[in-house]
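A quick write-up on the structure given underneath.
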Number of protein chains: 2
Amino acid sequence: METHDAGRPDSIARRLERAIQKGQFAPGSRLPSERDLAQRWQASRSIVREGISMLVAKGLLSRRHGSGTYVNAPSDHFGAEVWADMSRRYPDLPADFFEFRHMLECRAAELAAERHDAGDRKRLQAAQAAVDAAFRGGDRELQMRTDIAFHHAIAEATHNPVFAYLMISLHKLLHDHMQLTLAGTTPRSEVFRHVVAQHRRLLDSILARDAVEAGRAAAAHIDFVRVRMNHLPPRRPMTAAPSGTRG
Amino acid sequence: METHDAGRPDSIARRLERAIQKGQFAPGSRLPSERDLAQRWQASRSIVREGISMLVAKGLLSRRHGSGTYVNAPSDHFGAEVWADMSRRYPDLPADFFEFRHMLECRAAELAAERHDAGDRKRLQAAQAAVDAAFRGGDRELQMRTDIAFHHAIAEATHNPVFAYLMISLHKLLHDHMQLTLAGTTPRSEVFRHVVAQHRRLLDSILARDAVEAGRAAAAHIDFVRVRMNHLPPRRPMTAAPSGTRG
DNA sequence: ATCGTAGAGTGGTTGGACCACCTTGGGAGT
DNA sequence: ACTCCCAAGGTGGTCCAACCACTCTACGAT
């Protein structure tokens, strides 16, 4: 009796996924053709095809008609589709997203301050340096990419996959959104200087393991980004006094 | 020229989804057979099948071999699969989930305290009454269902779909997990009394619009649940002083 | 050296057949 | 009249072989 069964789509999908995770198929590379995989694994092309479809739906693979099936980079299948159907359901809720992001980034900053290790320190500093360099230059796309990478580094320094997953997927969503909103604006260098300064403050407090200050710095940063980039008013009616580190 | 194109799987998926959202196929009901839909829409069965597969992947539909394809209730496709692949990637991370949940429930309680309206008040009180009744009885399943419904009511009182979405999907995941961990335990009535008391405190502070107290009550509740139900130590190393309302 | 294009390879689609499974209803046995 | 069983029909699941639509590339004409 075979352990694999090899004939069911989900079995194919699992096998493929394992092969990808084991590095057998590198990110960005092309998979063998459907016909090839079918013959190799003694399954019909239909089954292989459906198995691949599952991984496409999960964002692990991409198909290109006439060209082939390609392995996505990990950051690609890291969740953007989580929010996709939600934002389809609720046409525009950027304010709600920012509210959520506010909470997420604050807490992540606190956790990163408490838990980061030597490797995290190095990655955080490198990411910060990259942001600095990008903002000295004029490449808008690069600025956003490095900015997101910086926040990714924080996310990973939390050592909590749930936070990392949500932050990264959220940034991907917001990245697309930002590209649209920033498309026609002029590069306001003083805004960018503010962003860099806020990153500095955030990074310093994390590295100093000052969780409270890190949370405040993250809050300030997100508030600034929301107001300057998207011209959105804060959602909270602010009935009570600002609570704890999130003021 | 046709607006629909009708021949591509994603077109079929969209059409089907729209039909479901318009109530043409009620939740729980059975879809027409693949062969039927194919003939009706002038598409090959394979295409219809692949379109259905997409909606199955999104959790909108379920297939039952030999029986039919069924429309899932909205709460079913409300996100559980978001976490599914993550928990597959990281075998057991209940502590991480609880950490996230801690943050989420605290903030949701705060927002609910600030934003709830008359309708929310009624729903919250009804949900609380249902929990009370369930915990006086002995039905474990009912207790969990009403408990989750109570937290849903809070989630909806935030008036932020992002919070609602994540809380509901997270509860679904934890519900499955709880069923496993609670399966063999004896019903400890004093534990249940604590839970009811904590709900009471949480509800009262929300209805009093005391965001800070609501956040604290939620924190206490989640901590209690984590310790008593799952015997998990808190994840945070607690290097710094407990920060703000989350202590 | 450059450009165009034919051909090969890839994913996408088709139709039909068959398999595995579930549901149902009517007939056999009580 | 009631119960039980199972055969038939319907459903999703799989397979195959061919063809379509698209992309890439290497070869040949210019």
Whole angstrom is fine here: how far is it from CG in Leu61(A) over to P in dT10(C)? 16 Å

Name the residue from Ile168(B), Val162(B), Leu170(B) that meets the side-chain contact (heavy atoms from CB on, under 4.5 Å) definition with Leu166(B). Val162(B)

Phosphate oxygens OP1/OP2 of dT14(D): is one of them under 4.0 Å from a side-chain N or O of Ser44(A)? no

Send over the distance from Gln39(B) CD to dT11(D) C1', rounded to a whole Å. 16 Å

Tell me whether the rings of His199(A) and His151(A) are parallel (<30°), tilted (30 to 60°) or perpendicular (>60°). perpendicular

Check the angle between the aromatic planes of Phe163(B) and Phe100(A) and answer parallel, tilted or perpendicular using the 30° and 60° thresholds. perpendicular

Shortest side-chain distance from Pro9(A), nucleotide among dG12(C), dT14(D), dT11(D): dT14(D)

Given atom CD1 of Ile12(B) and atom P of dT13(C), what is their separation to the nearest angstrom? 10 Å

Report the distance from atom CG of Leu31(A) to atom P of dT10(C), rounded to the nearest whole Å. 12 Å

Shorter than 3.5 Å, N or O on both sides, protein versus nucleotides 20-23 of chain C: list them out with atom names.
residue : atom : partner  : partner atom : Å
dA20(C) : N3   : His65(B) : NE2          : 2.9

Between atom CZ in Arg45(B) and atom C1' in dT14(C), what is the gap in whole Å? 13 Å

Tell me whether the OP1 or OP2 atom of dG11(C) has a side-chain N or O from Thr69(A) closer than 4.0 Å. yes

Whole-Å distance separating the CG atom of Asp36(A) from the C1' atom of dG11(C): 14 Å

So, using side chain to side chain donor-acceptor pair (under 3.5 Å) as the criterion, who are the partners of Arg45(A) when residues are at least two apart? Glu34(A)

Does Tyr70(B) have Arg63(B) sitting over its ring (NZ/CZ under 6.0 Å from centre, angle to axis within 45°)? no

Return all side-chain donor-acceptor pairs below 3.5 angstrom for residues 125-134 of chain A, not counting sequence neighbours, or 'none' if the list is empty.
none

Under 4.0 Å, counting only non-hydrogen atoms across every strand here, what does Ser33(A) touch: a base, just sugar-phosphate, or nothing? sugar-phosphate

Are Leu16(B) and Met54(B) close enough, and set up right, to give a side chain to side chain contact (heavy atoms under 4.5 Å, CB included), and what steps lead you there? CA-CA 11 Å; Leu16(B) 205 45; Met54(B) 289 181 181; over 6 Å; no

Rounded to the Å, how far apart are Arg49(B) CZ and dG16(C) P? 18 Å

dT10(C), OP1 or OP2 - any side-chain N/O from Arg63(A) closer than 4.0 Å? no

Between P on dG16(C) and CD on Glu34(B), what's the gap in Å once rounded to a whole number? 16 Å

Considering only side-chain heavy atoms of Arg35(A), which listed nucleotide, dG12(C), dG12(D), dC15(D), is closest? dG12(C)

Of the options dG13(D), dT13(C), dT14(C), whose atoms approach the side-chain atoms of Ser46(B) most closely? dT14(C)

